[in-house]
Amino acid sequence: MKIVSTIEEVRNQVKEWRKEGQKIGFVPTMGYLHEGHMSLIDAAGENDKVVVSIFVNPMQFGPNEDLASYPRDLEHDAAMCEAHGVDLIFHPTPEEMYGESFYSYVDMNVLTQELCGLSRPVHFRGVCTVVAKLFNIVTPDKAYFGQKDAQQLAIIKRMVKDLNMPLQIVGCPIVREEDGLAKSSRNTYLSKEERKAALVLSRSIFLGKEMVEKGERDAKKVITAMTAEIEKEPLAKIDYVKMVDLETMQQVETIEGGILTAIAVYIGKTRLIDNFMFGLGK
Ligand code: PAF
């Protein structure tokens, strides 16, 4: 496994693989890897070569967010990647990615105007821009994203479609801790007490999912029950509990077709997200 930090090194390696007719799978990450990331890497193993990027992208953090404190551990990440058969890690500096000045952005309407797009106004512009750049650098055949960031996944799929990017986007299921908490690099911010309190997210998700699976079709009833469950936990502060159309990310009143039920909840100062999807086979 190679670890490189320049765009030129990635391009040279990919050029060699392409000459040999190798297919490339790509997993973009911000590092501090956990089993959720490993499930993406394992899925990318269906290609001949697997590239992982590790880059804490300043452009997708708002001014009062956790860019400075975002956890980083390249040595640990490299060991995990090696153990899962990764061929190349791209670990650039912000200067390598954005140079001394940077004026071009990839932005998106509609899909970014709900859920995390409301509470994190610059976030998806930063995500789309960096992911488009990474796709241009790595030129993968397939790229793998987690369904935990369901809005991000929908946005990336739409960007690829709208801008005719020549690759396939693969969404992979949420990976959870044994007690239900969705895996996230941000779980590391939680104190022991907060870690326990954070279980309210998955409890609320499982409750909503069960209601929908048992036939409830009134979005408001599901959201009310999920909200009440979260409000039982004194350390939790709701950012949103919403049900949206899976393709447009616009709120729905009735559950039909593909829907995404997504929540964002502060546990102390840590903002965590979770979701469930229903009716994917539309
Ligand atoms: O999901 C993430 O970790 C990031 O948003 C991504 C896709 C790597 C872009 O920085």
Side-chain angles (χ1 to χ4, degrees), residues 5 7 10 25-41 43-44 50-62 65-74 76-77 80-81 86 88-98 102 105-108 111-112 115-117 119-138 140 142-160 163 165 167-175 182-189 249 260 262 264 270-275:
S5 57
I7 294 166
V10 178
F26 177 45
V27 182
T29 80
M30 297 208 301
Y32 216 71
L33 304 179
H34 49 68
E35 280 94 339
H37 297 108
M38 292 307 121
S39 75
L40 306 181
I41 290 171
V50 177
V51 180
V52 172
S53 63
I54 296 177
F55 178 57
V56 182
N57 173 34
M59 199 188 277
Q60 70 189 69
F61 288 79
E65 292 184 355
D66 56 343
L67 172 62
S69 58
Y70 197 85
R72 294 158 168 90
D73 187 347
L74 182 62
H76 161 268
D77 290 348
M80 281 188 96
C81 285
V86 170
L88 181 70
I89 292 180
F90 177 41
H91 179 55
T93 59
E95 293 70 37
E96 178 69 9
M97 288 300 278
Y98 296 118
F102 190 82
Y105 297 91
V106 179
D107 213 344
M108 187 175 296
L111 273 68
T112 56
L115 309 178
C116 291
S119 20
R120 306 186 70 192
V122 297
H123 177 64
F124 287 118
R125 183 174 88 152
V127 169
C128 286
T129 304
V130 80
V131 171
K133 279 173 70 67
L134 290 165
F135 286 172
N136 282 335
I137 294 164
V138 177
K142 292 186 181 183
Y144 298 78
F145 291 84
Q147 282 169 356
K148 179 170 157 280
D149 296 302
Q151 187 177 18
Q152 167 172 285
L153 174 60
I155 286 170
I156 299 292
K157 278 187 176 164
R158 187 71 204 207
M159 173 181 83
V160 164
L163 301 183
M165 294 176 165
L167 78 159
Q168 189 188 329
I169 302 299
V170 182
C172 301
I174 296 177
V175 179
K183 300 239 181 202
S184 163
S185 305
R186 288 191 169 98
N187 291 349
T188 144
Y189 297 151
M249 296 285 128
L260 165 71
T270 307
R271 185 176 175 280
L272 300 174
I273 57 173
D274 202 344
N275 70 69

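Atoms within a ligand are numbered from 1 in the order they appear, just like the ligands themselves. All residue numbers refer to positions in the sequence shown, counting from 1.
- With contacts defined as side-chain heavy-atom distances shorter than 4.5 Å, the pair R186/D66 qualifies.
- The aromatic rings of F135 and F26 lie perpendicular to each other, with more than 60° between the two planes, well past the 30° mark.
- There is a side-chain donor-acceptor pair under 3.5 Å between N57 and Y98.
- Heavy atoms from other residues, nucleotides or ligands lying under 6.0 Å from OH of Y32 number 12 at most.
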Expected rows: ligand 1 N/O, protein N/O, dist below 3.5 Å:
{"from": "ligand 1", "atom 1": "1 (O)", "to": "Q152", "atom 2": "NE2", "distance (Å)": "2.8"}
{"from": "ligand 1", "atom 1": "5 (O)", "to": "Q60", "atom 2": "NE2", "distance (Å)": "3.0"}
{"from": "ligand 1", "atom 1": "5 (O)", "to": "Q152", "atom 2": "OE1", "distance (Å)": "2.7"}
{"from": "ligand 1", "atom 1": "10 (O)", "to": "Q60", "atom 2": "OE1", "distance (Å)": "2.6"}

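- Listed by chain and residue number, nothing satisfies the side-chain hydrogen bond (donor to acceptor under 3.5 Å, both in side chains) test with K157 (two or more places apart in sequence, or in another chain).
- Residues R271 and C116 form a side-chain contact, since some pair of their non-hydrogen atoms from C-beta on lies under 4.5 Å apart.
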